Amino acid sequence: MPATGNHRRRKSSSLSRGFIAVTAGGAALALPVIGATTASAAPAQSVATVTKTVAPAVAPAKGISAVKATPSVYSVIAGDTLYKIATGHSVSGGWQQLYQDNREVIGANPALISPGMKLTLGAKAETPAVESKPAASSATPAAAKPTTYTNDLDGWIKESLAVMAQHGIPGSYDGIHRNIMRESSGNPKAINNWDSNAAKGTPSKGLLQVIDPTFKAYHVSGTSMDPYDPVANITAACNYAAAKYGSIDNVFGAY
């Protein structure tokens, strides 16, 4: 009928139709599918981007603290001993560790070092590779047997060298033997009653002809207080020669 034409419902626009869905129960409002997908996906991408950017910035911090001190090199001068060097430079482990760190440079005799020799201080303090081996075994290492020396010139010199090594006193077998043969011909009871020292009441005694004041001043702990004792006499004389000449090896005449 013409009258009813004026009350006809206007057609919805294309946009409105996108929001209207017809169901069995009637019309209902529906969200646009494309708009919802775009809105939810954007935040996920921005979070992932931030995570990737921050993670590498934290990683370098791990490698900053592992900086180790560089070992120093010491040039030996006249009068030096391993004990004196280790004490003067506060070497961890004392002269024994200093010797072990430089064994290839020094050689088999730790008491024999010479001016100009280059020693590394603290070279192996951070590398306990040798100490890690016993930890893998539960067996108790056998106690080292004490070294025995013959009661003759050869044994006296070798025992003296062992004591000297413990105290960082330089000297070699040949240097000691050479001076003994010149001073006393190997007689531990030799005494000089005719020179100027004897005239003053302090005759030279023993294998290396040491006067009593010098023996007492340079006596090495762990040896006899008897100046005629072969080992005590040799060790004290070498200690004196080290202080005055750098080593008994540098003595080739009256000293």
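Treat the numbers as computed from the prediction; the structure is a model and nothing was measured.
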Among residues at least two apart in sequence or on other chains, which ones pass side chain to side chain contact (heavy atoms under 4.5 Å, CB included) with T150? D152, D154
Separation between OG1 (T87) and NE2 (H89), nearest 0.5 Å, reads 11.0 Å
Test of understanding: clusters of I, L, V, M, F, W, Y form through side-chain heavy atoms closer than 4.5 Å, transitively. Do Y255 and M181 belong to the same one? yes
If hydrophobic clusters are built from ILVMFWY residues whose side chains come within less than 4.5 Å, do W156 and I248 share one? yes
Looking at S160 and P230, what are the two nearest heavy atoms and their distance? OG-O, 4.4 Å
With heavy-atom distances below 4.5 Å as the criterion, would you say the side chains of S221 and H167 are in contact? yes
Stepwise, does the side chain to side chain contact (heavy atoms under 4.5 Å, CB included) test hold for I113 with I85? CA-CA 11 Å; I113 59 175; I85 296 171; 4.3 Å; yes
Are there over 12 heavy-atom neighbours, none belonging to Y83, within less than 6.0 Å of that residue's OH? no
For D249 and S172, test the side chains for any donor-to-acceptor distance below 3.5 angstrom and give the result as yes or no. yes
Honestly curious: do V105 and L112 fall in one hydrophobic cluster under the side-chain, below-4.5 Å linking rule? no
Check: F252 main-chain N/O paired with R178 side-chain donor or acceptor under 3.5 Å: no
dist Q96:CD -> Q166:CD (nearest 0.5 Å) comes out at 8.0 Å
Within-4.5 Å side-chain heavy-atom neighbours: I169 and N239: yes
Any idea which heavy atoms bring P110 and W95 closest together, and the distance? CB-CZ3, 3.9 Å
Using the side chain to side chain donor-acceptor pair (under 3.5 Å) definition, which of the options N102, D80, T120 pairs with Y74? D80
Using side-chain heavy atoms (C-beta onward) and a distance below 4.5 Å, is I106 in contact with L82? yes
Any P203 side-chain heavy atom under 4.5 Å of N197 side chain: no
Would a single hydrophobic cluster contain both L153 and Y173, if residues Ile, Leu, Val, Met, Phe, Trp and Tyr are joined by side-chain heavy-atom contacts under 4.5 Å? yes
The ring-ring contact (aromatic ring centres under 6.0 Å, His included) partners of H219 (sequence neighbours excluded) come to F215
With no hydrogens and no angle check, is any side-chain donor or acceptor of N193 less than 3.5 Å from a backbone partner on A198? no
Test item: N192 side-chain N/O and S204 main-chain N/O as donor-acceptor pair under 3.5 Å: no
Can you check whether G206's main-chain N or O pairs, donor with acceptor, with E183's side chain at less than 3.5 Å? no
Heavy-atom closest contact (A237 atom, L208 atom, distance): CB-CD1, 3.5 Å
Closest non-hydrogen atoms of P170 and G246, given as atom of the first, atom of the second and distance, are CG-O, 3.2 Å
Between the main-chain N or O of V251 and the side-chain N or O of N179, is there a donor-acceptor pair closer than 3.5 Å? yes
Salt bridge (charged side-chain N to carboxylate O under 4.0 Å, His left out) with K84: which residues, sequence neighbours excluded? none
Could I get the full list of ring-ring contact (aromatic ring centres under 6.0 Å, His included) partners for Y99, not counting sequence neighbours? none
Pairs meeting criterion side chain to side chain donor-acceptor pair (under 3.5 Å) with involvement of residues 224-236, two or more places apart: none
For the hydrophobic clusters of this structure (ILVMFWY residues joined by side-chain heavy atoms under 4.5 Å, transitively), does one cluster hold both Y240 and L207? yes
Distance (rounded to the nearest 0.5 Å) between K158 NZ and I234 CD1: 12.5 Å
Looking at side-chain heavy atoms only, is the closest gap between M164 and I176 below 4.5 Å? yes
What are the two closest heavy atoms between A190 and S184, and how far apart are they? CB-CB, 3.8 Å
Under the salt bridge (charged side-chain N to carboxylate O under 4.0 Å, His left out) rule, collect the residues that match up with D212, sequence neighbours excluded. K205
